[in-house]
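Here's the structure, in structure tokens; my notes come after.
Whatever order the structure lists them in is the order used to number ligands and atoms, beginning at 1. Because the structure is a prediction, the values reported are computed rather than measured.
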Amino acid sequence: SKKPVRVAVTGAAGQIGYALLFRIASGEMLGKDQPVILQLLEIPDEKAQKALKGVIMELEDCAFPLLAGVIPTGDPLVAFKDADYALLVGARPRGPGMERADLLAANAQIFTAQGKALDKVASRNVKVLVVGNPANTNAYIAMKSAPSLPRKNFTAMLRLDHNRAASQIAAKTGTAVGDIEKLTVWGNHSPTMYADYRFATVGGKSVKDLINDQVWNAEVFLPTVGKRGAAIIEARGLSSAASAANAAIDHMRDWALGSNGKWVTMGIPSDGQYGIPKDVIFGFPVTTENGEYKLVEGLEIDKFSQERIDKTLKELQDEQAGVAHLL
Ligand code: NDP
């Protein structure tokens with residue numbers, strides 16, 4: 001049988017953590033033949049550590065055959081020690097009266113420390129996924145704080161936006177969500193993201209031709225996908241933790257095990273493609289194979305798309321400028 005791999009999860013006692021850990025331990029992320037050791041980080045605070053203990057009791061009670069160990073900790077150097085995968089979920093939520101700059105600063109501190117810890121102790125091949133918001137900028141900060149690790153190891157989650165877009169398109173066209181190919185989401189994990197179905201197909205047919213309605217695209221589809229998180233909070237009274245956890249599983253599974261030629265969306269550090277400046281963590285279409293992602297290059301960007309891409313890029317650059325003095 002395979003040697004266990006080490007999976008670090010931060011914010012492990014939070015809502016997303018609760019929807020995530022059980023699926024990782026059951027083999028849904030890395031395969032039903034891959035044992036895992038969970039290395040779970042929570043803030044050192046007594047209440048958070050106690051809540052984490054409770055989650056671990058439930059993990060024990062699931063008797064997952066693939067769960068080869070669980071390490072709870074308040075120390076990033078312990079959580080990331082030899083980690084093969086790191087899911088950075090914990091982040092500072094916006095509190096009452098908190099300005100955007102304060103939020104950026106609080107998270108910059110967390111992700112600087114975590115980037116440094118990854119740099120020091122994680123596997124040199126660690127695959128890092130940032131879920132905690134502002135996810136793209138947090139991933140950028142962690143990457144910049146880990147100079148000895150390859151830049152390409154740092155990614156942010158755009159997969160939830162991708163899955164939301166796929167689901168809206170399936171409903172609009174009366175097709176099965178699993179049959180939709182070549183969909184992508186450009187940019188920031190925020191309402192400025194640009195979900196782009198111009199290249200998408202379903203059952204070999206062009207989604208754009210099937211829909212054939214630019215007003216629906218601009219005035220219904222994009223706002224629906226962009227504001228979906230808020231709509232779920234409004235309906236459920238709680239945030240979209242289960243679908244966020246599901247997207248994290250999808251992102252890591254495809255990165256580790258391959259997407260079989262299918263396009264998926266990942267937030268990855270730009271190398272300058274599509275006019276996105278180097279190092280900006282940007283949602284791009286990728287395919288994945290043998291543990292590596294590969295950007296889909298050479299797509300045509302029309303005027304409408306360029307405007308949307310410029311807008312989400314500007315937001316990311318403003319966020320980057322807001323943390324520059326902290327790096
Ligand atoms: P959640 O588990 O619900 O959310 C965690 C993070 O994921 C937030 O930044 C949240 O952003 C983000 N997120 C991204 N996409 C989504 C989505 N679709 N739906 C919901 N959230 C999304 O938060 P909890 O407060 O329940 O748990 C966070 C845990 O992290 C706590 O247990 C806390 O103790 C811990 N923590 C750990 C830190 C550390 O490791 N140093 C630092 C801070 C907290 P958004 O805020 O925009 O919803």
Side-chain angles (χ1 to χ4, degrees), residues 8-23 39-56 72-80 83 86-96 98 100 102-118 128-139 141-142 145 155-165 167 185 188-193 225-251 265 267 281 283 319:
V9 179
T10 74
Q15 286 202 76
I16 294 177
Y18 195 69
L20 181 64
L21 299 178
F22 299 86
R23 298 186 60 189
Q39 308 193 150
L40 305 179
L41 182 68
E42 257 303 342
I43 47 179
D45 158 74
E46 203 180 314
K47 199 165 154 237
Q49 290 293 322
K50 191 174 168 207
L52 181 57
K53 289 257 151 52
V55 176
I56 293 172
T73 181
D75 180 356
L77 292 171
V78 174
F80 297 143
L87 294 92
L88 309 188
V89 176
R92 175 70 72 82
R94 191 189 291 260
M98 208 171 171
R100 199 167 142 279
D102 304 331
L103 186 74
L104 278 170
N107 280 302
Q109 205 178 12
I110 293 167
F111 286 86
T112 305
Q114 295 193 353
K116 284 183 180 159
L118 284 161
V128 181
L129 167 63
V130 178
V131 174
N133 279 318
N136 298 51
T137 295
N138 289 341
I141 294 166
S145 306
T155 68
M157 191 168 88
L158 269 292
R159 186 59 174 266
L160 182 55
D161 309 278
H162 178 110
N163 289 350
R164 285 168 171 168
S167 153
V185 180
N188 198 6
H189 171 62
S190 91
T192 67
M193 59 87 230
V225 177
K227 295 180 196 151
R228 187 70 164 179
I232 288 167
I233 291 176
E234 160 67 19
R236 209 172 82 87
L238 289 166
S239 69
S240 46
S243 48
N246 179 69
I249 298 263
D250 284 352
H251 178 119
T265 302
I281 307 270
E319 286 179 15

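Near G132, meaning under 4.0 Å from one of its heavy atoms, ligand 1 places the atoms 6 (C), 7 (O), 9 (O), 12 (C). Within ligand 1, the atoms closer than 4.0 Å to a non-hydrogen atom of S239 are 3 (O), 20 (C), numbered from 1 in the order shown. Residue G90 has at least one heavy-atom neighbour below 4.0 Å for each of these atoms of ligand 1: 30 (O), 36 (N), 37 (C). If you number the atoms of ligand 1 from 1 as listed, the ones under 4.0 Å from a heavy atom of L41 come out as 40 (O).
When hydrogens are left out, the protein atom nearest atom 26 (O) of ligand 1 is Q15 N, 2.8 Å; that is the closest non-hydrogen contact. In this structure, atom 22 (C) of ligand 1 lies nearest to the protein heavy atom I16 CD1, 3.5 Å. The protein heavy atom nearest to atom 19 (N) of ligand 1 is S240 OG, 3.1 Å. The closest protein non-hydrogen atom to atom 6 (C) of ligand 1 is V89 O, 3.1 Å. Protein heavy atom closest to atom 31 (C) of ligand 1, with residue, atom name and distance, is E42 OE2, 3.4 Å. Looking only at heavy atoms of the protein, atom 38 (C) of ligand 1 is closest to I43 CG2, 3.6 Å. For atom 40 (O) of ligand 1, the closest non-hydrogen atom on the protein side is Q114 NE2, 3.3 Å. Considering only non-hydrogen protein atoms, atom 11 (O) of ligand 1 sits nearest to N133 ND2, 3.0 Å.
Contacts between L160 and ligand 1 below 4.0 angstrom, taking non-hydrogen atoms only, involve the side chain exclusively. At a heavy-atom cutoff of 4.0 Å, ligand 1 is contacted by the side chain of R164 but not by its backbone. When non-hydrogen atoms are compared, ligand 1 lies under 4.0 Å from the side chain of I110 (C-beta onward) but not from its backbone.
Heavy atoms from other residues, nucleotides or ligands lying under 6.0 Å from CZ of R228 number 12 at most. No more than 12 heavy atoms of other residues, nucleotides or ligands shown are found within 6.0 angstrom of OH on Y18.
In this structure a side-chain-to-backbone donor-acceptor pair under 3.5 Å is present from T112 to A108. With hydrogens and angles ignored, the 3.5 Å screen pairs a side-chain donor or acceptor of N107 with a backbone N or O of L103. The closest donor-acceptor contact from the side chain of D75 to the backbone of L77 lies under 3.5 Å. Remark: the backbone N or O of V128 is paired with a side-chain donor or acceptor of T155 at under 3.5 angstrom. Not a single donor-acceptor pair under 3.5 Å links the side chain of E42 to the backbone N or O of T10. Without hydrogens or angle criteria, T265 side chain to R159 main chain gives no donor-acceptor distance under 3.5 Å. Of the possible polar contacts, one joining the Q39 side chain to the A79 backbone as a donor-acceptor pair under 3.5 Å is found.
Not a single heavy atom of G229 sits under 4.0 Å from any atom of ligand 1. Heavy atoms of R94 come nearer than 4.0 angstrom to ligand 1 in no pair at all.
The residue among H189, R228, R92 with a heavy atom at the shortest distance from atom 15 (N) of ligand 1 is H189.
The minimum heavy-atom distance linking R164 with S240 is given by the pair NH2-OG, 3.2 Å.
Looking at Q114 and N138, their side chains never bring a donor and an acceptor atom within 3.5 Å of each other.
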